[in-house]
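Because the structure is predicted, anything quoted here is derived from the model rather than measured. Here, residue 1 is the first one in the sequence, and each next residue gets the next number.
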Amino acid sequence: MTHMKNMITRDLVVIGGGPAGMMAAITAAERGIKVLLAERNGFTGKKLNITGKGRCNITNNCSEKEVIDNTPRNGKFLYSSLNIFPPSKTIEYFTGLGLPLKTERGNRVFPVSDKATDVTFVLRKRMREVGVKVEQIRVNKILVTNGKVIAVEGNGKKILCKAVVLATGGLSYPKTGSTGDGYIMAEELGHRVIPGKASIVPLVS
């Protein structure tokens with residue numbers, strides 16, 4: 001049984017503190033929504049900090065069509081997302097947060113500093129500015145009544161909420177927290193989860 005002192009109330013709980021989770025939390029908070037971001041690691045952006053060999057290839061400076069054409073399988077799946085938030089808006093978003101960017105060979109976009117941690121820094125800074133509450137919680141259950149989200153649970157805590165954004169990532173790097181928790185919670189809610197397949201993997205010769 002969860003004690004009252006371990007209960008928190010928020011309008012929205014974002015599960016996962018990677019770039020998608022942080023950006024979702026920021027966007028909601030900017031619209032006046034009370035947001036709690038639940039991150040299982042001791043800090044947000046753990047995997048983000050090691051992307052692109054620690055440099056973080058934020059996006060490519062190209063059109064939506066070029067992204068879709070260069071996606072190996074089912075690129076059209078990305079069409080609606082890219083139509084709303086194309087690479088140009090990604091660049092605009094991060095420069096707006098105060099992060100200087102540069103375009104390199106292959107139209108790859110990186111922070112001028114070549115530090116992925118600077119990407120994490122500007123996202124954390126913006127979360128503080130808009131009042132996102134960050135808690136170290138490994139959420140393991142989303143509670144639903146009559147088709148509506150009412151709470152999430154994890155680490156002996158219960159967070160009452162009206163909505164959830166599930167941004168836990170996949171199974172790509174378990175040491176950074178990508179252990180497939182989101183797949184399990186999505187399945188428990190009745191979603192069909194397609195079995196994951198390895199994509200970018202190391203080669204040992």
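- Nearest heavy atoms, Leu166 versus Gly182: CD2-O, 3.5 Å.
- The heavy-atom pair separating Arg40 from Gln136 by the smallest distance is O-NE2, 3.5 Å.
- Looking at every heavy atom in both residues, Lys158 comes nearest to Ala151 through CE-CB, 4.0 Å.
- Heavy-atom contacts from other residues, nucleotides or ligands closer than 6.0 Å to CZ of Phe121 number 12 or fewer.
- Rounded to the nearest 0.5 angstrom, Lys89 NZ and Asn83 CG are separated by 9.0 Å.
- Scanning all heavy atoms of the two residues, the minimum distance from Gly180 to Leu171 falls at N-CD2, 3.6 Å.
- Side-chain contact check for Asn61 and Thr103: at least one donor-acceptor pair (N or O, by modelled atom type) lies under 3.5 Å.
- Val152 places none of its side-chain heavy atoms less than 4.5 Å from the side chain of Leu160.
- In the hydrophobic clustering, where aliphatic and aromatic side chains (Ile, Leu, Val, Met, Phe, Trp, Tyr) are joined below 4.5 Å either directly or transitively, Ile68 groups with Val67, Phe77, Leu78, Tyr79, Leu82.
- You'll find the side chain of Ile58 stays beyond 4.5 Å of the side chain of Phe110, heavy atoms only.
- Leu101 and Pro111 make their closest contact through CD2-CA, 3.9 Å (heavy atoms, listed as atom of the first residue, atom of the second, distance).
- Every salt bridge (Lys or Arg N to Asp or Glu O under 4.0 Å) that Lys162 has, sequence neighbours left out, goes to Asp11.
- Side-chain contact between Tyr93 and Ile26: present, with at least one pair of heavy atoms (C-beta onward) separated by less than 4.5 Å.
- Ionic pairing of Arg192 and Glu187 is not present here: no N-O contact between side-chain nitrogen and carboxylate oxygen is shorter than 4.0 angstrom.
- Under a 4.5 Å side-chain heavy-atom criterion applied to ILVMFWY residues, the cluster that includes Ile184 comprises that residue alone.
- Side chain of Thr176 to backbone of Lys47: no donor-acceptor contact under 3.5 angstrom is found.
- Here the side chains of Ile91 and Val109 are in contact, with some heavy-atom distance below 4.5 Å.
- Checked by atom type and distance alone, the side chain of Arg55 never pairs as donor or acceptor with a backbone atom of Thr51 at under 3.5 Å.
- Salt-bridge check for Glu153 with Lys157: failed, with every basic side-chain N at 4.0 Å or more from each acidic carboxylate O.
- A pairwise comparison of heavy atoms in Ala25 and Leu37 identifies CB-CD1, 4.0 Å as the closest pair.
- For Asp181, the side-chain hydrogen bond (donor to acceptor under 3.5 Å, both in side chains) test picks out Arg138, Thr179, with sequence neighbours left out.
- Screening residues 66-81 for salt bridge (charged side-chain N to carboxylate O under 4.0 Å, His left out), with sequence neighbours left out, gives Lys65-Asp69.
- Residues passing the salt bridge (Lys or Arg N to Asp or Glu O under 4.0 Å) test with Lys133, sequence neighbours excluded: Glu135.
- When atom types are taken as modelled, the side chain of Arg124 and the backbone of Thr44 share a donor-acceptor pair closer than 3.5 angstrom.
- Among Val149, Leu143, Val35, the one residue that satisfies the side chain to side chain contact (heavy atoms under 4.5 Å, CB included) test with Cys161 is Val149.
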